[in-house]
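What follows is a set of notes on a single structure, which appears directly below.
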Number of protein chains: 2
Amino acid sequence: MAGIKEIAKITGLSLATVSRVFNDSTLVSPKTKEKVLKAAQELDYQPNIMAAALRSGKSKIIGVIVPEVNNFFFSGIINGIEKMVSDSGYNIIIAQSHESQEKENEALNSFLKLKVEGILLSISKETSDLSQIQKIIKSKLPIVFFDRVPNLKNINSVMLDDYMGAFMATNHLLDQQCKHLIHIVGDTKVSIFKERQKGFNDAIAKRNDKNLKGESITLSSNLKEDIGLIKKLLKDKPNIDGIFAYGDEIGLHVLNLLKELNIQVPKQIKLIGFGNADFSNLTQPKISTIDQECTQMGEQAASILLKTLKDKSASLKTKVLSPRLVVRDSTQ
Amino acid sequence: MAGIKEIAKITGLSLATVSRVFNDSTLVSPKTKEKVLKAAQELDYQPNIMAAALRSGKSKIIGVIVPEVNNFFFSGIINGIEKMVSDSGYNIIIAQSHESQEKENEALNSFLKLKVEGILLSISKETSDLSQIQKIIKSKLPIVFFDRVPNLKNINSVMLDDYMGAFMATNHLLDQQCKHLIHIVGDTKVSIFKERQKGFNDAIAKRNDKNLKGESITLSSNLKEDIGLIKKLLKDKPNIDGIFAYGDEIGLHVLNLLKELNIQVPKQIKLIGFGNADFSNLTQPKISTIDQECTQMGEQAASILLKTLKDKSASLKTKVLSPRLVVRDSTQ
DNA sequence: CTGAAAGCGCTAACAA
DNA sequence: TTGTTAGCGCTTTCAG
């Protein structure tokens with residue numbers, strides 16, 4: 001592997017000058033620059049990030065942790081991050097927590113060992129002990145949280161307005177003349193699901209209509225049991241005419257259940273999900289949903305991080321993105 | 001950030017001894033080891049991989065490139081890789097090519113700059129110029145290809161037996177009494193799709209039955225047009241009673257199309273996909289498919305790489321995994 | 001605009 | 001079993 005040294009030798013320049021060429025330093029004459037670049041080309045020179053990182057304290061690496069990579073939402077975010085970071089000279093490395101606190105901490109640790117310059121993190125469902133995260137914050141290593149944001153003051157974060165999303169979804173059902181709504185609630189230990197719960201309740205309350213009924217059903221963590229619970233609920237309460245599912249996947253399961261029960265969607269029951277997953281557009285009927293603007297979220301998070309990286313004293317930023325109602329066949 | 005130096009100072013030991021403790025060298029007395037470990041704990045010491053990498057020439061990083069991370073198959077592979085690598089001391093970094101030769105090369109380049117010790121690569125659909133890859137092979141940097149393997153001799157690779165998968169899928173349709181089969185063909189520039197094509201043809205040929213008909217339809221790259229093409233085909237040839245789609249996603253589109261045309265699945269037409277995507281189990285009817293053993297593939301690829309990393313002179317390995325027929329509602 | 005030289009944090013001979 | 005020391009490839013003062 002050719003290094004800066006060989007280039008120096010060939011061109012008859014010093015290490016310093018050669019180094020400067022690759023660091024866009026303006027303190028180099030065009031002629032020398034050209035000479036160096038040419039030599040670099042010939043030798044197929046690849047700068048050694050490790051060495052540069054060691055010396056300069058800047059690894060040019062950004063670490064990203066998501067719960068799961070095989071997820072429409074998170075991979076959309078990753079794409080947004082990639083897009084934003086691509087021309088900045090930074091490399092990104094991706095790790096998955098698989099919704100486990102332990103794996104999340106492991107990933108954070110290996111980021112620290114790799115001396116990443118900044119971290120983008122969406123915390124796992126399981127994460128309750130924030131000590132590791134607080135340590136990182138204290139160490140001044142720039143970190144931006146997205147979507148799943150820990151309950152801490154003074155952090156950089158990008159979130160979806162989940163309250164608003166649930167509010168919009170519920171409102172949409174009400175606009176479609178639904179009178180008896182069910183909200184299938186996600187794990188309320190996670191703040192975003194709590195927000196959606198509030199949005200659902202408030203949307204109904206705001207109508208101030210005694211004829212409207214809104215109920216919530218909390219699931220176990222076992223899918224089969226959950227489907228059983230929902231099935232029972234639907235049988236017990238035949239007046240249900242609108243369902244707001246906390247996610248598209250559970251929405252799809254509900255859709256299948258409704259078909260099994262010979263309940264017509266949207267005629268008898270209208271169904272709306274959350275997330276705008278890719279498959280929600282492939283079902284029959286296509287499922288109405290709330291789009292989470294994932295690419296934008298990734299871009300924003302990365303953008304805040306890059307700004308902080310440029311100017312460490314940049315103020316902390318919290319960005320709240322607005323969701324978007326996507327009306328499809330299942331509600332009209 | 002505390003370093004090895006501070007630990008040496010506190011414990012009164014030399015740098016070398018402290019270093020040895022973290023490298024599992026047995027040349028350290030238990031007492032000193034304990035002392036060092038304790039000090040490390042107190043100082044919250046994180047070894048600096050960069051420095052170690054620079055000195056030892058071993059970055060402890062493995063680079064993984066997949067076409068797309070938001071894909072059931074590839075994320076399954078990533079999980080397999082993570083599993084296999086987790087206790088080896090290596091870190092993995094993931095990059096996406098988004099099916100672009102250019103991005104693939106960019107990723108490869110940043111891997112080289114990061115001095116990864118090994119590469120796991122599934123080449124993009126677009127990749128035709130193999131010079132970059134050949135350069136890497138020549139440089140002796142260990143690389144293992146998986147699933148999408150370039151047409152080169154003397155490489156490490158893990159593949160699915162795509163021929164066999166297609167053969168099994170087609171055979172299954174024939175076993176279900178289908179007489180007029182259609183194969184919706186993937187981009188035959190990619191070798192795996194060519195293999196599936198062969199498997200389809202051979203399965204029919206082997207029956208040696210004049211009453212059997214097998215046709216292939218090659219798609220454009222535009223989904224809407226493609227659906228139109230398939231629609232036309234179905235109308236032109238009402239005797240079609242079995243469809244083998246090269247992937248589950250296109251299979252789902254076909255399923256929706258068939259519903260639109262009021263053709264019953266599996267009664268009138270039996271449909272089988274390829275890939276065992278998560279959603280193929282969520283449709284109605286559930287789609288029969290071929291499982292690609294993605295986790296296993298990731299494990300195998302990582303395992304070959306780790307072996308090569310341990311023993312650079314290890315012989316080149318090619319592993320072919322057997323696919324698995326998954327029979328669901330759409331074919332019975 | 002260019003060069004000399006120190007040193008980032010760690011590992012690996014070699015010596016003791 | 002431990003210590004001494006050189007140096008991985010690069011950046012960055014400081015001095016020309």
Side-chain angles (χ1 to χ4, degrees), chain A residues 1-37 39-40 43-61 89 91 109-117 139, chain B residues 1-37 39-40 43-61 89 91 109-117 139:
Chain A
M1 281 290 168
I4 218 177
K5 231 187 212 161
E6 280 87 274
I7 298 183
K9 216 172 262 172
I10 288 185
T11 55
L13 293 161
S14 71
L15 292 178
T17 308
V18 176
S19 169
R20 281 194 271 259
V21 170
F22 296 112
N23 289 287
D24 289 329
S25 176
T26 43
L27 311 166
V28 189
S29 78
K31 268 189 203 166
T32 5
K33 194 169 178 178
E34 202 182 341
K35 220 179 352 177
V36 169
L37 256 20
L43 293 175
D44 194 25
Y45 167 69
Q46 295 284 3
N48 185 327
I49 293 188
M50 298 283 175
L54 182 58
R55 176 59 233 245
S56 67
K58 298 186 179 181
S59 64
K60 288 287 162 193
I61 300 178
N91 301 87
N109 263 325
S110 74
F111 283 1
L112 295 182
K113 283 191 282 197
L114 277 168
K115 303 293 176 211
V116 299
E117 286 188 58
S139 78
Chain B
M1 281 287 171
I4 219 180
K5 230 187 210 164
E6 280 88 273
I7 298 184
K9 214 173 262 172
I10 289 186
T11 56
L13 293 160
S14 73
L15 291 179
T17 308
V18 176
S19 169
R20 280 194 272 260
V21 170
F22 296 112
N23 289 287
D24 290 330
S25 176
T26 43
L27 310 167
V28 189
S29 78
K31 265 189 204 163
T32 9
K33 194 169 179 176
E34 202 182 343
K35 219 176 357 175
V36 169
L37 256 21
L43 292 175
D44 193 25
Y45 167 70
Q46 296 284 3
N48 185 328
I49 292 188
M50 298 283 174
L54 182 58
R55 177 59 233 244
S56 66
K58 297 182 181 188
S59 64
K60 288 287 161 192
I61 300 178
N91 301 87
N109 262 326
S110 76
F111 283 0
L112 294 182
K113 282 190 282 196
L114 277 170
K115 303 293 176 213
V116 299
E117 286 189 56
S139 79

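By convention in this document, chain letters (A, B, ...) are assigned in the order of the sequence lines, proteins followed by strands, and residues within each chain are numbered from 1.
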Using the side chain to side chain donor-acceptor pair (under 3.5 Å) criterion, which residues pair with B:T32? Sequence neighbours excluded. B:S29
Holding to side chain to side chain donor-acceptor pair (under 3.5 Å), I want the full list of residues that pass it with B:S139, two or more places apart in sequence or in another chain. none
So do the side chains of [X] and [Y] get within less than 4.5 Å of each other, counting heavy atoms only?
X	Y	answer
B:F22	B:I7	yes
A:K35	A:T17	no
B:V28	B:V36	no

Over how many whole Å does the gap from [X] atom [atom1] to [N] atom [atom2] extend?
X	N	atom1	atom2	answer
A:K9	D:dG9	NZ	C1'	14 Å
B:K33	D:dT2	NZ	P	12 Å
A:F22	D:dG9	CZ	P	15 Å
A:K115	D:dC10	NZ	C1'	18 Å
A:I7	D:dG9	CD1	P	13 Å
B:K60	C:dG9	NZ	P	22 Å
B:N23	C:dG9	CG	P	17 Å
A:K113	C:dC8	NZ	C1'	20 Å

To the nearest 10°, let me know how far the axis at one end of the helix from C:dC1-D:dG16 to C:dA16-D:dT1 is tilted from the axis at the other, five pairs an end. 30°
Looking at [X], I'd like to know whether one of its side-chain N or O atoms comes within less than 4.0 Å of OP1 or OP2 on [N].
X	N	answer
A:S19	D:dT11	yes
A:Y45	D:dG9	no
B:S29	D:dT2	yes
A:T32	C:dT2	yes

Exam field: side chain A:S19 to backbone A:L15, donor-acceptor pair closer than 3.5 Å: no
Tell me whether B:E6 contacts the main-chain N or O of B:G3 through its side chain, where contact means a donor paired with an acceptor under 3.5 Å. yes
Return the polar atom pairs (N/O with N/O) between nucleotides 3-5 of chain D and the protein under 3.5 Å, or none.
unit_1 : atom_1 : unit_2 : atom_2 : d
D:dG3  : OP2    : B:S14  : N      : 2.8
D:dG3  : OP2    : B:S14  : OG     : 3.1
D:dG3  : OP2    : B:T17  : OG1    : 2.7
D:dG3  : N7     : B:R20  : NH2    : 2.7
D:dG3  : O6     : B:R20  : NH1    : 3.2
D:dG3  : O6     : B:R20  : NH2    : 3.4

OH of B:Y45 to CD1 of B:I4: how many Å apart, nearest 0.5 Å? 4.5 Å
Rounded to the nearest 0.5 Å, the CG atom of A:N48 sits from the NZ atom of B:K113 at a distance of 11.5 Å
By a strict heavy-atom criterion of less than 4.0 Å, which residues belonging to residues 48-55 of chain A are in contact with DNA chain D? A:N48, A:A51, A:A52, A:R55
One pair to check against side chain to side chain contact (heavy atoms under 4.5 Å, CB included): B:R20 and B:L13. What are the steps and the verdict? CA-CA 11 Å; B:R20 280 194 272 260; B:L13 293 160; over 6 Å; no
Apply the test side chain to side chain contact (heavy atoms under 4.5 Å, CB included) to residues A:Q46 and B:N109: give CA-CA distance (whole Å), side-chain angles for both, the deciding distance (0.1 Å), then the verdict. CA-CA 8 Å; A:Q46 295 284 3; B:N109 262 326; 2.7 Å; yes
Side chain to side chain donor-acceptor pair (under 3.5 Å) pairs, two or more places apart, involving residues 50-61 of chain B: none
